[in-house]
Amino acid sequence: MNIQTLLSDKIQHAMILAGAENNPEPAVRQSGKPQFGDYQANGIMGAAKKLGLNPREFAQKVLERVELNGIAEKLEIAGPGFINIFLAKEWLADNVEKALSAVNFGIKTNNPQTVVLDYSSPNVAKEMHVGHLRSTIIGDAVARALEFMGNKVIRANHVGDWGTQFGMLIAYLEKMENEQASEMELSDLEAFYRAAKENYDSDEVFAEKARQYVVKLQSGDHYCLTMWKKLVDMTMSQNQLNYNRLNVTLSEQDVMGESLYNPMLPEIVADLKAQGLAVEDDGALVVYLDEFKNKDGEPMGVIVQKKDGGFLYTTTDIAAAKYRYETLQADRALVFTDTRQSQHLQQAWLITRKAGYVPDSFSLEHENFGMMLGKDGKPFKTRSGGTVKLADLLDEAVERASKLINEKSTALSEQEKAAVIEAVAIGSVKYADLSKNRTTDYVFDWNNMLSFEGNTAPYMQYAYTRIRSIFNKTDTDSTALANAHIVLTEDKERALAIKLLQFEEAVQIVTKDGTPHILCAYLYELAGIFSSFYEHCPILNAPQEIKLSRLKLAQLTERILKQGLDLLGIKTVEKM
């Protein structure tokens, strides 16, 4: 249940009854300080100004008409016209009970959509590196959240599986197979690509064959397509190992590579030309956009077909947007790439709309993100200045987590310890990234991310196991717990109940804005509020009725922490 939406609807209705224009914005927000209520309606002043009324007088009119009986125990006008809303304890307790017994805590969208998420996007015949991390894990967290809310999610792994380099790669794969290379040699993608390039640069016969294979591949030659498919499969089976380790939901069925759109490109370019959008310029076909200016202040030209007949990424991205709307019948399309792609995508999507391939109602959203930096403030590299392979990064995370857990844990079996090490290692790498606003750069710091203090994965995972340990220490019958009633008598109980009921608001922001850091911040605040509750409100030694009530609050906290971390793709363990 979304408290913010409920209160917004109630306040808005009262504003209209008080004389405000249609659809006034009540601007209901969570309150920053308990003395100002649990929520504040901040839109009264704007509506009053439009009506030429005194804001406090208009606020009074709204209060006289708002129907919050049983929901709010107190409403007050503050400052120049804010309305402070104090929620009723009985209503809070009742809704915590409902959340405990409902599927997904009763959370679902009223308007489910089909949403296509374009994320990860590695290249064929190259190993995944740290540059793929942000797209992969941010995209996956948003996909999970959208599905949790009841939307149909289509994952699209826009793999770089087309281009002139494939002639060279096919020729080299052929050579390797003729020489009966071992599976081990074929599985080292970096070495494979490097060796193919060396052959291309040093052997003219090989280079000529490679050029012929490009032409054959692009014209649909069966042999070249078969070899190309081997390269794609080889790469994606390697990438799947990374996806499995990262606990992301991408599979080989989600691959929608650049090659998928090839058959669409000639038709799109011909249509852009027929519509007068694309014009010939020095042999190339170019779309001039008034909305973008070059350094001379003239409309910027965007090439959709080169003079040699080749197509560009822009053409592919126009086709991808068209495909998402027409074939996949999506309502929204989200693309997770770094900020440097912003202008490119804006231009491709502007052309898509000008051509009438998608309607205005179809949402195209670039979920751009900043870079992962080293402590020196420069892009994260190996000590020798090379690109960090994703598999190597995860290996190092396991190594560091292993050392950390071995120093701390004594009461765990070897199997339990292995599960904790894996959960902490991978969870730390992911949470360090997901907890930062995606639009900013962030500094990669092992010490911070593996800390058991602060807004980190180990802290959140430990917070969960602490609550699990409470239930391990009690012999309370599950039927008695289910039948017990929640009673909120202490401020700390009330604060915890409110925070628990704000879970849906956090998830909804993630699905709307593609911002997993909002969910991380929520979970961190929830863990802190629970810790304060646990410190001030004894559970196991309390009288039976109070004990059961507090156990139910602990139970919902435990479930929401687990579910919230799962939406981020982070594993929990029962013991640490």
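Side-chain atoms of Glu25 come within 3.5 Å of backbone N or O of Ala27 as a donor-acceptor pair. In this structure a side-chain-to-backbone donor-acceptor pair under 3.5 Å is present from Gln240 to Leu250. Distance alone, capped at 3.5 Å, is enough to place a donor-acceptor pair between the Ser428 side chain and the Val424 backbone. No side-chain donor-acceptor contact under 3.5 Å links Lys98 to the backbone of Gly106. A donor-acceptor contact shorter than 3.5 Å is absent between the side chain of Asn84 and the backbone of Glu76.
Salt bridge present: Arg400 and Glu396 bring a charged side-chain N and a carboxylate O closer than 4.0 Å. A salt bridge is absent between Lys89 and Glu73; no separation between the charged side-chain nitrogens and carboxylate oxygens falls under 4.0 Å. In this structure, Lys378 does not pair ionically with Asp376, as no charged nitrogen and carboxylate oxygen lie closer than 4.0 Å. A salt bridge is absent between Asp395 and Lys389; no separation between the charged side-chain nitrogens and carboxylate oxygens falls under 4.0 Å. Salt-bridge check for Asp566 with Arg144: passed, with a basic side-chain N closer than 4.0 Å to an acidic carboxylate O.
A cation-pi contact, defined as under 6.0 Å to the ring centre and within 45° of the axis, links Lys408 to Phe452.
Side chains of Arg468 and Glu558 form a contact here, defined as non-hydrogen atoms less than 4.5 Å apart. By the 4.5 Å heavy-atom criterion applied to side chains, Ile107 and Gln563 are not counted as neighbours. Considering only heavy atoms from C-beta on, Gln4 comes within 4.5 Å of Arg29 through its side chain. Counting heavy atoms from C-beta on, the side chains of Lys552 and Leu556 never come closer than 4.5 Å. A 4.5 Å side-chain heavy-atom check between Arg134 and Asp338 finds every atom pair outside the cut-off.
Other residues, nucleotides and ligands contribute over 12 non-hydrogen atoms within 6.0 Å of the CG atom of Asn472. Under a cut-off of 6.0 angstrom, the local environment of CD in Glu453 is sparse, with at most 12 non-hydrogen atoms contributed by other residues, nucleotides or ligands. Residue Lys61 places its NZ atom among 12 or fewer non-hydrogen atoms of other residues, nucleotides or ligands, all under 6.0 Å distant. Environment of NZ in Lys152: sparse, with no more than 12 heavy atoms of neighbouring residues, nucleotides or ligands closer than 6.0 Å. For Glu64, the CD atom counts as densely surrounded, since its 6.0 Å shell holds more than 12 non-hydrogen atoms of other residues, nucleotides or ligands. The neighbour count for Asn483 CG, taken as heavy atoms of other residues, nucleotides or ligands under 6.0 Å away, is above 12. The number of heavy-atom neighbours closer than 6.0 Å to CG of Asp513, taken from other residues, nucleotides and ligands shown, is above 12. Shown here is His129, whose NE2 atom has more than 12 heavy atoms of other residues, nucleotides or ligands within 6.0 Å.
Ring planes of Trp446 and Phe444: perpendicular class, angle over 60° (limits at 30 and 60°).
For Phe336 and Phe369, the ring centers are positioned 6.0 Å apart or more.
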- Begin with the C-alpha distance, continue with both residues' side-chain angles, and end with the deciding distance and a verdict on ring-ring contact (aromatic ring centres under 6.0 Å, His included) for Tyr459 and Tyr462. CA-CA 5 Å; Tyr459 172 79; Tyr462 185 62; 8.1 Å; no

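Between the side chains of Ser363 and Glu365, at least one donor N or O sits under 3.5 Å from an acceptor N or O.
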